[in-house]
Amino acid sequence: MERQWVIQRTNPEYRDYLCKAAGISPAISQVLINRGIKTPEAVKNFLEAGASALGNPMDSKGVPEAAEIIKKAAASGKPVLVHGDYDVDGIASTSSMVGGLKGIGASPVYFIPNRFVHGYGFHKDCIELAIQHGAGLVVTTDCGITGFETAGLAKEKGLPVVITDHHEPERGPTGCPLLPPADAVVNPKLNEGETELSGTGVAFKLAQALMGDDALQFLDIAALGTVADLVPLVAENRSIVKAGMELIESAGRPAIKALIEIAGASGKDITARLMSFSLVPRLNAPGRLESASEVVAFLLCSNENEAFERASRLDRLNKERQRLEEDTFQDAVKKLEHLAGSTAPDSIVVAGEGWHKGVLGIVASRLAEKYGRPAIVLSIDGDYARGSGRSVPGFDLYGGLCALKEMLAGFGGHRQAAGLRISTGRIDGFREAFSSLAASSISEYRPVLKIDSDITLKAVNSGLVKETTLLEPFGFGNPEPLFGAKELEVLSMKVVGNGHLKLRLRQGKSHLSYDAIGFDMGPIAPAIEDCLLVDAAFFPTANQWEGRKTLQLNLKGIRPSV
């Protein structure tokens, strides 16, 4: 979908002041101002985020009570059952909690629901499992905040429950949260002003309350869960991921070391992008296709040979996931074009018979990115369909589903992502209602390409690349800085690989020219091949290939110069 280019600007004098006061370049100064980081002190705090910047977990509401209950259960000698979830955030939060329990001498067992058998959420089967193991406590991670029935069943059985979650609670008519009958609840969504943590972030903070600084060993796992869950990479989330990246760099955990090797990423800089595109998909694959329980054992295993064997299996499952995803995506696009014709819809609700339920969320994400609309993808199985949705900026997906809850058999999630179940006969009506809701909620559907600063290619050098790495980790809430340069001459152009656009660009009469790569941008080659000059929006990188690093422009947009 064609995007509107917007260059963000500020008062040049203020930008230059911050540049000198904080000791950063004008381009990076502009980037930070765009992020709302506008004082030397704020710049210092942002750049120095890490383990030392983590808050005191005991300051978080519910944590002191939860920690006391867990320590009491550990002292009793009875096992503690940890109930997680099947996505990477749920797997990582389970791993952190299991590790934290072992760290205080408890005997943890864990239950990861099966996507296809149990579905999402706090499931009653875990209560039976807890009783079989003689457990004295159930602790949820990344789920449970709406688990009224299961928490109630635990109470009937005399089994204490601690809920740790980060999803939205149900709310009463006055807006007050409605909570399950648990002995303690830890959820940042209950506390105004608290950082929007991932489920793993919540579990990590509780592990910190149990183990103190010894829990810092789980920051690598917490970083993976935080990146996977797409929470804003600011404040404490930024500290968790930045510290976790440093821990991964040290190659201490056999599982992550093996995963990096099997992904072909050995020797590469550890970034949030590498985690998102190389590590997270492989950790996600078992939960999408089979059962995610094995991933917890993988993350916590200490034997390098075992770790490599398990990583190899995750890699094989991920290849199968990629095939299923691509087939479903192409089928969904065809169905969508048949439904919408030449008219762009206000939202996307597309359904298909037999689509693999494990790839629906990824397909929804790709559709939302392709069309700039909130997207819901449903797999029909008899009288009901299950699906996943992904949103776009400006639209609260969970809020939208709340408004249409009478049409649904069940749903859960947050602003950016959600899951749902619906009667097959109500899909057409839901599609119409959801489209109407989206149309009234989003005023601008044309995606915006926000350019942090307009610069000349002369300003693009190794120093600028090095400075941009100080802004890591990049992700939701802290995107890669985007620079724009105008009137560039295209010295060469070709489409390579799987539809990637490769260019050589030069500005003016300078002898300097730069390689540029536009991933998946091959289809726009015809639109610029006869242009004398082009404008480019890019992120400068140090491209690593066969042990060498070269400067390369990672294109995010290119257009004919006006």
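Residue numbers run from 1 in the order of the sequence given.
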Query raised in the report: Is it true that a side-chain atom of Glu489 and a backbone atom of Gly508 form a donor plus acceptor pair closer than 3.5 Å?
Result: no

Would the Phe434 and Phe395 ring centres measure less than 6.0 Å apart? yes

**OP:** Indicate yes or no for a side-chain donor-acceptor contact from Asp89 to the backbone of Thr200 under 3.5 Å, with no hydrogens or angles considered.
**Re:** yes

Between the main-chain N or O of Gly90 and the side-chain N or O of Ser93, is there a donor-acceptor pair closer than 3.5 Å?
yes

- Item | Whether Thr468 side chain and Val465 backbone form a donor-acceptor pair below 3.5 Å | yes

Practice prompt. Find out whether Phe411 and Leu404 are in side-chain contact, i.e. whether some heavy atom of one side chain is under 4.5 Å from a heavy atom of the other.
Written response: no

task: Report yes or no: does Gln507 contribute a side-chain atom to a donor-acceptor pair with the main-chain N or O of Leu457 at less than 3.5 Å?
output: yes

- request: Evaluate the criterion side chain to side chain donor-acceptor pair (under 3.5 Å) for residue pair Asn554 and Thr541; output intermediate values, then yes/no.
  value: CA-CA 7 Å; Asn554 187 338; Thr541 65; 5.5 Å; no

In short, side chain to side chain donor-acceptor pair (under 3.5 Å) pairs touching residues 314-323 with sequence neighbours left out are Arg282-Asp315, Asp315-Lys319, Asn318-Arg321, Glu320-Arg323, Arg321-Glu325, Arg323-Asp327

Residues 459-470 vs salt bridge (Lys or Arg N to Asp or Glu O under 4.0 Å), sequence neighbours excluded, gives none

Tell me whether the count of non-hydrogen atoms from other residues, nucleotides or ligands lying under 6.0 Å of CG in Asp16 goes above 12.
yes

- Ignoring hydrogens and angles, tell me if any N or O in the side chain of Arg386 forms a donor-acceptor pair with the backbone of Leu420 under 3.5 Å. no

**Side-chain touch Arg390/Val377, heavy atoms, less than 4.5 angstrom** = no

Using only atom types and a distance under 3.5 Å, with no angle test, would you say the side chain of Asp454 pairs donor to acceptor with the backbone of Ile7?
no

ask   = Quick one: does Glu196's side chain get under 4.5 Å of His166's, heavy atoms only?
value = no

*When you check the side-chain N and O atoms of Asp535 and Ser561, is any donor under 3.5 Å from an acceptor?*
yes

Only residue of Arg35, Arg15, Lys556 satisfying salt bridge (charged side-chain N to carboxylate O under 4.0 Å, His left out) with Asp452 is Arg35

Checklist entry - Distance only, no hydrogens: is a donor on one side chain within 3.5 Å (strictly under) of an acceptor on the other, for Thr226 and Asn237? => result no

_Validation row: Ile91, Leu283 side chains within 4.5 angstrom (heavy atoms)_ = no

Worksheet item: Does a side chain donor of either Arg373 or Ser347 reach within less than 3.5 Å of an acceptor in the other side chain?
Response: no

Original post:
So Phe539 and Phe474, would you call those rings parallel, tilted or perpendicular, with 30° and 60° as cut-offs?
Top reply: perpendicular

Is the backbone N or O of Leu324 less than 3.5 Å from a side-chain atom of His356, with the two atoms forming a donor-acceptor pair by type? no

(request) Answer yes or no for Arg273 and Phe277: cation-pi contact, defined as NZ/CZ to six-membered ring centre under 6.0 Å and angle to ring axis within 45°. (result) yes

By ring-ring contact (aromatic ring centres under 6.0 Å, His included), Tyr86 pairs with (sequence neighbours left out) none

Answer yes or no on whether Arg415 is positioned over the face of Tyr398, meaning its NZ or CZ is under 6.0 Å from the six-membered ring centre and within 45° of the axis. no

Notebook entry, point to check: In terms of heavy-atom contacts, does CD of Glu432 have more than 12 from other residues, nucleotides or ligands at under 6.0 Å?
Noted result: no

Checking Ser391 side chain against Gln416 main chain: does a donor-acceptor pair fall under 3.5 Å?
no

Are any side-chain N or O atoms of Asn478 and backbone N or O atoms of Pro473, one a donor and one an acceptor, separated by less than 3.5 Å?
yes

query: Taking the six-membered ring of Tyr384, is NZ or CZ of Arg421 closer than 6.0 Å to its centre and within 45° of its axis?
result: yes

